[in-house]
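Quick notes on the structure that follows.
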Amino acid sequence: MKVYVNLPVKNLEKSKEFFSKLGFGFEKKFTNDKGVSMIVGEDNYVMLLAEEFFKTFTRKEISDASKATEVIVALEVENREKVDELFDKAIEAGAIKNVEPMQEKFMHQQNFQDLDGHIWEVFYMDESAMSQNQ
Amino acid sequence: MTKELWINLPVKDVNKSKEFFGKLGLALDEKHSGDDMACLVVGKNNVKVLLFAEDTFRGFTKNEIPVGGQTTEVLFSIEVESREEVDETAKKVQEAGGNIFSEPEEIQGWMYGCAFSDLDGHRWNVMEMDLSKMPQQ
């Protein structure tokens, strides 16, 4: 069993360019003019689908992500520096800062909204500091 | 670069949702679960799906949650190994109180799947894919 996240996007080319600037690669096998398959981590995929194509699966209208949020897609990275690095790249590529960063003993986190308003969280978690905390 | 993918979802009742996904066969990660959140572990890649009480979730996003599943922002796909597993999952979803909005069927000649909404209206599909039959572009 495996899980994929599918997100609707207004402009596939622009979104692909945006996430390329953040350093993500794409799987050619699942990429066409209606959707691209973005590789996240070892072997996970976030599918960016053109809105009309997305709707054929959900049979629902798409939420206006600037007004309501149904999901936060979170990316765990290796250290605190990489959190800021990825966040800075996102802002440079046109993302909007969502909330103030969270800096705690066991966690460092930044949030941004992508070109379509979807919220992404970039975080580092120190599991050892977390268990000491409890 | 990125180590892991996590998914955060708002739910009205954490305990009920925990029970719902448990009935579908998803494992619970006790370590990351608490009073107002539950952590599910999905699939061979151990993707973690965190279910948060709506108020907690809104605290993170500083935004509203789409009303009553009327619109949707995201679709989750669960890939399974066989057509039988698709049928079995559809049955489990129904028994657990989910809503199948697309019955199991063959799709484009190389996939077999169904789609459902969970207790909060979040939308999921369950698919078996035969890549050898996938049309080449």
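Residue numbering restarts at 1 for every chain, and letters A, B, ... go by the order of the sequence lines.
In this structure the side chain of A/Tyr45 never reaches within 4.5 angstrom of the side chain of B/Leu5, judged on heavy atoms. You'll find the side chain of A/Met125 reaches within 4.5 Å of the side chain of B/His32, heavy atoms only.
In this structure, CZ on B/Phe52 lies 7.0 Å from CD1 on A/Ile72, to the nearest 0.5 angstrom. Between A/Glu70 atom CD and B/Ile65 atom CD1 the span is 9.5 Å, to the nearest 0.5 Å. Annotation: the span from B/Leu75 atom CG to A/Leu49 atom CG amounts to 8.0 Å, rounded to 0.5 Å. Going from atom CZ of B/Phe60 over to atom CD of A/Glu121 covers 7.5 Å, rounded to the nearest 0.5 Å. To the nearest 0.5 Å, the span separating CG on A/Asn44 from CD on B/Glu4 amounts to 7.5 Å. Of the inter-residue distances, the one linking B/Arg58 atom CZ with A/Thr69 atom OG1 reads 11.0 Å to the nearest 0.5 angstrom.
Chain B forms more heavy-atom pairs under 4.5 Å with one residue of A/Ile39, A/Thr58, A/Asp116 than with any other, namely A/Thr58. Heavy-atom pairs under 4.5 Å with chain A peak, among B/Ser102, B/Ser117, B/Ala115, B/Gly113, at B/Ser102. Annotation: maximal heavy-atom pairing with chain B below 4.5 Å, among A/Val71, A/Ile119, A/Val73, occurs at A/Val71. Of the listed residues B/Lys62, B/His122, B/Met127, the one with more heavy-atom pairs under 4.5 angstrom with chain A than any other is B/His122. No other option in A/Gly41, A/Gly117, A/Ala74 has as many heavy-atom pairs under 4.5 Å with chain B as A/Ala74.
Only the side chain of A/Val46 comes within less than 4.5 Å of a heavy atom of chain B; its backbone N, CA, C and O stay farther away. Both the backbone and the side chain of A/Asp43 have a heavy atom closer than 4.5 Å to some heavy atom of chain B. Heavy atoms closer than 4.5 Å to chain A are found nowhere in B/Ile107, neither backbone nor side chain. Within the 4.5 angstrom heavy-atom criterion, only side-chain atoms of A/Val99, from C-beta onward, approach chain B. Interface remark: B/Glu81 contributes side-chain atoms only to the contact with chain A (heavy atom separation under 4.5 Å).
Across B/Gln70 and A/Lys60, no two heavy atoms sit closer than the pair O-CD, 3.3 Å. Taking all atoms of both residues into account, the shortest heavy-atom contact from A/Phe57 to B/Phe101 is O-CE1, 3.4 Å. Closest approach of B/Glu73 and A/Ala65 over heavy atoms only: OE2-CB, 3.8 Å. Heavy-atom minimum distance, A/Ala68 versus B/Pro66: CB-N, 3.5 Å.
Using a 4.0 Å cut-off between charged nitrogen and carboxylate oxygen, B/Lys31 and A/Glu127 count as a salt-bridge pair.
Defined by atom type and a distance below 3.5 Å, a donor-acceptor pair is missing between the side-chain atoms of A/Asn98 and B/Thr61.
Residue A/Lys67 places its NZ atom among 12 or fewer non-hydrogen atoms of other residues, nucleotides or ligands, all under 6.0 Å distant. Around atom NZ of B/Lys16, no more than 12 heavy atoms belonging to other residues, nucleotides or ligands sit under 6.0 Å away. B/Glu95 CD: more than 12 foreign heavy atoms inside a 6.0 Å radius.
B/Met134 and A/Phe53 end up in the same hydrophobic cluster when Ile, Leu, Val, Met, Phe, Trp and Tyr side chains are linked at under 4.5 Å. A/Ile91 and A/Tyr124 fall within the same hydrophobic cluster, defined by Ile, Leu, Val, Met, Phe, Trp and Tyr side-chain heavy atoms under 4.5 Å apart, directly or through other members. When hydrophobic clusters are built by joining Ile, Leu, Val, Met, Phe, Trp and Tyr residues whose side-chain heavy atoms come closer than 4.5 Å, directly or via intermediates, A/Phe106 is grouped together with A/Met102. Both B/Leu51 and B/Leu28 are part of a single hydrophobic cluster, where members link through side-chain heavy atoms under 4.5 Å apart.
Relative ring orientation between A/Phe30 and B/Trp110 is described as parallel, the plane-to-plane angle staying below 30° on a 0-90° scale split at 30° and 60°.
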Exercise for the section: Begin with the C-alpha distance, continue with both residues' side-chain angles, and end with the deciding distance and a verdict on side chain to side chain contact (heavy atoms under 4.5 Å, CB included) for B/Val74 and A/Val5. Expected result: CA-CA 7 Å; B/Val74 66; A/Val5 179; 3.8 Å; yes

Practice task
Could you go through the side chain to side chain contact (heavy atoms under 4.5 Å, CB included) check for B/Phe76 and A/Asn6 one step at a time?
Solution key: CA-CA 6 Å; B/Phe76 304 101; A/Asn6 303 278; 5.7 Å; no

Handout entry: Test log, rule side chain to side chain contact (heavy atoms under 4.5 Å, CB included), inputs B/Leu131 and A/Lys29
Key = CA-CA 10 Å; B/Leu131 293 182; A/Lys29 200 159 61 182; 3.9 Å; yes

Exercise for the section: May I have the step-by-step check of side chain to side chain contact (heavy atoms under 4.5 Å, CB included) for B/Val42 and A/Met1, ending in yes or no? Expected result: CA-CA 7 Å; B/Val42 190; A/Met1 194 194 268; 4.1 Å; yes

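When atom types are taken as modelled, the side chain of B/Thr71 and the backbone of A/Ile62 share no donor-acceptor pair closer than 3.5 angstrom.
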